[in-house]
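In listed order, ligands and their atoms are each counted from 1. A quick note: this is a predicted structure, and the numbers were derived from the prediction, not measured. Just so it is clear, the values below take in all heavy atoms, side chains as well, and ignore hydrogens, waters and symmetry mates.
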Amino acid sequence: MRAQFITIEGQDGAGKSTNMAFIKSFLESRNIPVYTTREPGGTKLGEQLREILLYGTDVNCDDMTELLLMFASRSQHLNEVIYPRLKAGTWVVCDRFTDATYAYQGAGRGVCFDHIEVLENLVQKQFRPILTFVLDIPLDVARSRGASDHGDRFEKQLDPFKLRVREYYLSLCHEQSDRVKYIDASLDIEQVQAQITQQLEMLLEIVDAQ
Ligand code: TMP
């Protein structure tokens, strides 16, 4: 069975970490080797860029620079970690990927989507995830579950920014519904994981048949 690349997206407080662990254990229960990673980050360079991007309060970083650093981290991550793992037959599950760039730098910051697309094609060529989960949760529910408004540079953004990010993800679920699966993360954990299981079962059937 050919190794596949799966991503998970969603706002802070939507339960990405818990559900990443769930996806990994689900696939491993089917004897599929899985490597989990994250963006920005996933390599030594990427983790250093992550520090700057998320916590660099004393550095100026304009919107275009932020975009380029996201793709710098991604380029290193793809070549050093993701492509070699996939080639060796290990599935890769990544906490955020390029959809986050469209959501945060595009919809959030207002960077032109065409510029993001140019970089996406340059850095990734035709490579895209086969399956993406968008964990969706209203801002107030996320806050009630501990989402912070005072953490990293993105968590500190005001509500209109966060709402634009959420709207973008919702539109993506409609526009790319074959790949991007809406998960109602405001439900309780069993129901969330039942939705994820259903999508993974469908993916395995498709991959098995290939
Ligand atoms: P997280 O790992 O806790 O989700 O934090 C990563 C943050 O980085 C999150 O707020 C979204 C942001 N981000 C972008 O703005 N653009 C990107 O391309 C990626 C991968 C993440």
Student: Take M64 and Q105 through the side-chain contact (heavy atoms from CB on, under 4.5 Å) test and state the conclusion after the steps.
Tutor: CA-CA 8 Å; M64 182 55 75; Q105 281 64 55; over 6 Å; no
Student: Apply the side-chain hydrogen bond (donor to acceptor under 3.5 Å, both in side chains) test between T98 and each candidate in Q124, R128, E39; give the one that qualifies.
Tutor: Q124
Student: For the backbone of Q193 and the side chain of T197, can you confirm whether one donor and one acceptor N or O come within less than 3.5 Å of each other?
Tutor: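 Judged by distance alone, yes, a pair lies under 3.5 Å.
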Student: Please check: side-chain N/O of E80 versus main-chain N/O of L78, any donor-acceptor pairing under 3.5 Å?
Tutor: no
Student: Is L203 linked to V134 within one hydrophobic cluster, defined over Ile, Leu, Val, Met, Phe, Trp and Tyr using a side-chain heavy-atom separation of less than 4.5 Å?
Tutor: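 No, separate clusters.
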Student: Determine yes or no for a side-chain-to-main-chain donor-acceptor pair under 3.5 angstrom, with K162 supplying the side chain and F154 the backbone.
Tutor: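 Flag not set: sc K162 to bb F154 has no pair under 3.5 Å.
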Student: Could you list, one pair per line, each nitrogen or oxygen of ligand 1 together with any protein nitrogen or oxygen closer than 3.5 Å, giving atom names and the distance rounded to 0.1 Å?
Tutor:
residue  : atom   : partner : partner atom : Å
ligand 1 : 2 (O)  : R50     : NH1          : 3.4
ligand 1 : 2 (O)  : R50     : NH2          : 3.0
ligand 1 : 4 (O)  : K16     : NZ           : 2.8
ligand 1 : 4 (O)  : R96     : NE           : 2.6
ligand 1 : 4 (O)  : R96     : NH2          : 3.2
ligand 1 : 15 (O) : Q105    : OE1          : 3.4
ligand 1 : 15 (O) : Q105    : NE2          : 2.9
ligand 1 : 16 (N) : Q105    : OE1          : 2.7
ligand 1 : 18 (O) : R74     : NH2          : 3.1
ligand 1 : 18 (O) : T101    : N            : 3.4
ligand 1 : 18 (O) : T101    : OG1          : 2.6

